[in-house]
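What follows is a single structure, written as structure tokens, with notes after it.
Below, chains carry the letters A, B, ... as their sequence lines are ordered, and counting in each starts from 1. A quick note: this is a predicted structure, and the numbers were derived from the prediction, not measured. FYI, side chains are in, hydrogens and waters are out, and symmetry mates aren't considered; it's all heavy atoms of this structure.
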Amino acid sequence: MAQIRLTNTRTRTKEDFVPIDPGNVRLYLCGPTVYDRAHLGNARPVLVFDLLVRMLRHVYGAGAVTYVRNFTDVDDKINAEAQRRKAAGRPGTLEDLIAERSDETIGWYHQDMDALGALRPDHEPRATAYVGQMIEMTRDLIANGHAYEAERHVLFDVRSFRDYGKLSGRSVDDMIAGARVEVAPYKRDPMDFVLWKPSDADLPGWDSPWGRGRPGWHIECSAMSAALLGPSFDIHGGGIDLQFPHHENEIAQSCCAHPDAGFANVWLHNEMLQVEGKKMSKSLGNFFTVRDLLDRGVPGEVIRFVMLSTHYRKPMDWTDAKAREAEAVLRRWRGLVAGIEPAPSPAPAVIDALSDDLNSAGAIAALHELAAKGDGAGLLASARMLGLLLPEMGGWAEAGDAAADQIAVLLAARLAARQARDFATADAIREGFAAAGVEVKDTPQGPEWSLAAGFDPARLADLAKAHGA
RNA sequence: GGUGGGUUGGCGGAGAGGUUACGCACCGGAUUGCAAAUCCGUGAAGACCGGUUCGAUUCCGGUACCCACCUCCA
């Protein structure tokens with residue numbers, strides 16, 4: 001059995017992964033705030049965790065993994081959109097419109113992540129369904145002296161938790177020294193954060209011991225993970241930007257609410273995705289969504305391949321050149337494995353690479369070596385370990401019947417021209433194929449064709465028309 | 001200002017204290033009407049300065065540059 005090793009942000013070392021219960025390995029990933037389409041950066045932790053889950057299921061068994069990823073549906077931006085719709089005269093209460101916006105966004109999210117071949121988690125809790133647990137946890141934190149009520153807010157007292165700052169490696173004093181935010185006057189310490197805050201009458205709210213209000217962002221994940229995975233579980237993940245304050249605060253809340261439990265053993269953080277060397281961010285306005293790419297004709301499998309070709313702990317730059325290269329590789333591999341049954345198990349080199357802190361780039365190198373050896377069965381079984389070359393993701397690589405007919409006619413025309421030693425016509429057809437993204441190989445057994453990166457059905461149709469189809 | 005991460009061949013991108021990463025591109029050969037594809041093969045690296053070592057791109061220290069977090073963000 002493979003020993004998985006993971007870099008644990010909590011200990012800052014790469015360590016052997018030892019599950020609390022090998023019969024039920026439990027993971028939690030911070031999911032999206034569902035106010036809009038997922039941008040490309042959102043896809044990175046999802047694909048990292050997807051790979052991790054596939055590996056854990058490979059090692060511990062398909063039924064031995066519980067994967068939870070939440071939807072944050074308590075959020076100002078969702079509220080703002082709902083208020084905008086209400087003002088525009090859309091029927092329904094504000095609560096209805098908020099739920100409508102969340103439902104719509106969750107539907108998009110599922111479509112987009114499905115297109116990338118990401119498996120659905122076992123549980124996808126929505127924050128609004130766990131407000132009771134959040135209130136309960138907040139009450140417990142007040143009762144055991146880690147939180148206090150002030151001006152209808154409930155705040156977590158960071159000075160009451162010794163280890164506050166340990167995950168992100170900063171001291172409370174350092175953070176205060178560098179803080180650039182204005183501190184609310186009712187806070188005991190500038191770093192204290194909100195567990196519960198009041199809601200105005202025109203915003204959604206829940207009744208609580210502290211009046212009508214809503215939960216703070218951080219308590220949502222603490223409550224949902226505890227409800228679905230228990231107070232101690234194996235792996236908690238997310239983007240490195242969540243390390244502070246979100247994950248730091250989660251640890252503070254969960255460890256103080258459940259002092260005898262360990263919360264998450266392993267913390268896994270992926271580095272950020274960049275575009276043209278800059279972080280993709282809302283404030284910089286250089287972000288684009290997964291759907292934008294899919295609509296531009298970049299297949300989900302190609303996006304997945306590009307994402308996995310950089311190790312998760314390194315910044316990754318998205319470029320169109322990478323997407324083109326990935327598309328060419330996937331087409332070649334799909335050609336190589338066509339009609340072949342996968343080997344009974346993935347190649348050891350691939351499992352070794354993935355076991356070593358999810359070295360997906362190393363695993364892809366091993367796939368290249370299998371392809372170079374012509375081991376189609378091994379390539380197929382190994383690529384599927386990475387969620388690649390799956391049958392349901394290959395539609396993009398197949399030509400339609402119309403294209404196949406046009407290509408057959410053009411190949412016949414080219415053969416006739418060559419036999420007549422009319423090389424000008426033969427070469428014109430060949431160049432037309434290249435321009436349309438059809439790759440023709442002349443083998444001793446006759447021509448074979450396949451689609452190359454950038455296949456353009458319209459240009460092929462024009463070419464066929466020009467040569468008598 | 002505080003904290004964390006990075007810097008590998010033309011490009012992308014891994015591992016390992018001493019032996020070819022891998023892919024793309026390039027070059028040579030086979031093949032071809034010429035090509036493409038394919039096959040075979042050759043090149044090409046580890047920011048800078050020190051240290052440890054028989055030996056460092058790999059470990060340690062410093063410098064430079066880049067990125068991120070400290071503020072909603074995966």
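- Using atom C1' as the reference point in both rC66(B) and rG50(B), the two lie 23 Å apart (nearest Å).
- The same atom, P, is picked in rU7(B) and in rC60(B); the two are 14 Å apart, to the nearest Å.
- In this structure, K77(A) places its NZ atom 13 Å from C1' of rA74(B), rounding to the nearest Å.
- Comparing the C1' positions of rC67(B) and rA16(B) gives an interatomic distance of 27 Å, to the nearest angstrom.
- Contact check, R12(A) against rU3(B): no side-chain N or O comes under 4.0 Å of OP1 or OP2.
- Secondary structure note: stems in RNA chain B built from 3 or more consecutive Watson-Crick or G-U wobble pairs under 3.5 Å occupy B:1-7 with B:64-70, B:10-12 with B:22-24, B:27-30 with B:38-41, B:47-51 with B:59-63.
- Rounding to whole angstrom units, CZ of residue R313(A) and P of rA14(B) are separated by 10 Å.
- Here the side chains of P32(A) and F71(A) are in contact, with some heavy-atom distance below 4.5 Å.
- Here rG13(B) is the nucleotide among rG23(B), rA74(B), rG13(B) with the atom lying nearest to any side-chain atom of K322(A).
- Backbone-only engagement by G238(A) is indicated by non-hydrogen atom pairs under 4.0 Å involving sugar-phosphate atoms exclusively.
- Remark: the N70(A) side chain and the Y28(A) side chain contain an N/O donor-acceptor pair separated by less than 3.5 Å.
- Counting non-hydrogen atoms under 4.0 angstrom, R332(A) reaches the backbone sugars and phosphates but no base.
- Contact between the side-chain N/O atoms of S309(A) and the OP1/OP2 oxygens of rG13(B) is not found at any separation under 4.0 Å.
- Separating the C1' atom of rG41(B) from that of rA56(B) is a span of 30 Å, rounded to the nearest Å.
- Of all nucleotides listed (rA14(B), rC73(B), rC22(B)), rC73(B) comes nearest to the side chain of W217(A).
- If you check rA74(B), rC70(B), rA21(B) against the side chain of F244(A), the one that comes closest is rC70(B).
- For the pair F71(A) CZ and rA74(B) C1', the computed distance is 14 Å after rounding to whole Å.
- For rC49(B) and rA37(B), the C1' atoms lie 49 Å apart once the distance is rounded to whole Å.
- Taking the C1' atoms as reference points, rG43(B) lies 49 Å from rG1(B), given to the whole Å.
- A distance of about 37 Å separates the P atoms of rG51(B) and rU42(B), rounded to the whole Å.
- Taking atom P on both rU38(B) and rC26(B), the two are 12 Å apart, rounded to the nearest angstrom.
- Between K14(A) and D357(A) no salt bridge is recorded (no basic side-chain N to carboxylate O distance below 4.0 Å).
- Checking W217(A), W267(A), Y164(A) one by one against H247(A), the ring-ring contact (aromatic ring centres under 6.0 Å, His included) holds for a single residue, W267(A).
- Salt bridge present: D114(A) and R120(A) bring a charged side-chain N and a carboxylate O closer than 4.0 Å.
- Which of rC72(B), rG15(B), rA37(B) sits closest to the side chain of E439(A) comes down to rA37(B).
- A straight line from OH of Y164(A) to C1' of rU3(B) spans 14 Å, rounded to a whole angstrom.
- Between R324(A) and D320(A) there is no salt bridge, since none of the side-chain N atoms of the basic residue sits less than 4.0 Å from a carboxylate O of the acidic one.
- Picking from rC24(B), rC70(B), rC22(B) the nucleotide with the shortest atom distance to the side chain of E325(A) gives rC24(B).
- Screening residues 362-375 of chain A for side-chain hydrogen bond (donor to acceptor under 3.5 Å, both in side chains), with sequence neighbours left out, gives no hits.
- Using a 4.0 Å cut-off between charged side-chain N and carboxylate O, R69(A) and D50(A) make no salt bridge.
- The side chain of E369(A) has rC22(B) as its nearest neighbour among rC22(B), rA74(B), rC67(B).
- Look at E81(A) and K77(A) and you find no salt bridge, because none of the NZ, NE, NH1 or NH2 atoms lies under 4.0 Å from a carboxylate O.
- Classification of K314(A) and E271(A) as a salt-bridged pair fails, no side-chain N sitting under 4.0 Å from a carboxylate O.
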Below 3.5 Å is the cut-off: list the nitrogen or oxygen pairs between protein and nucleotides 25-35 of chain B, distance only.
| from | atom 1 | to | atom 2 | distance (Å) |
| --- | --- | --- | --- | --- |
| rG33(B) | N1 | D427(A) | OD1 | 3.0 |
| rG33(B) | N2 | D427(A) | OD2 | 3.0 |
| rC34(B) | O2 | R430(A) | NH1 | 3.4 |
| rC34(B) | O2 | R430(A) | NH2 | 3.0 |
| rC34(B) | N3 | R430(A) | NH1 | 2.5 |
| rC34(B) | N4 | R430(A) | NH1 | 3.4 |
| rA35(B) | N6 | D442(A) | OD2 | 2.7 |
| rA35(B) | N1 | D442(A) | OD2 | 3.1 |
| rA35(B) | N3 | R430(A) | NE | 3.4 |
| rA35(B) | N3 | R430(A) | NH1 | 3.2 |

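- In this model, no side-chain donor or acceptor of H269(A) finds a partner on the base of rA74(B) within 3.5 Å.
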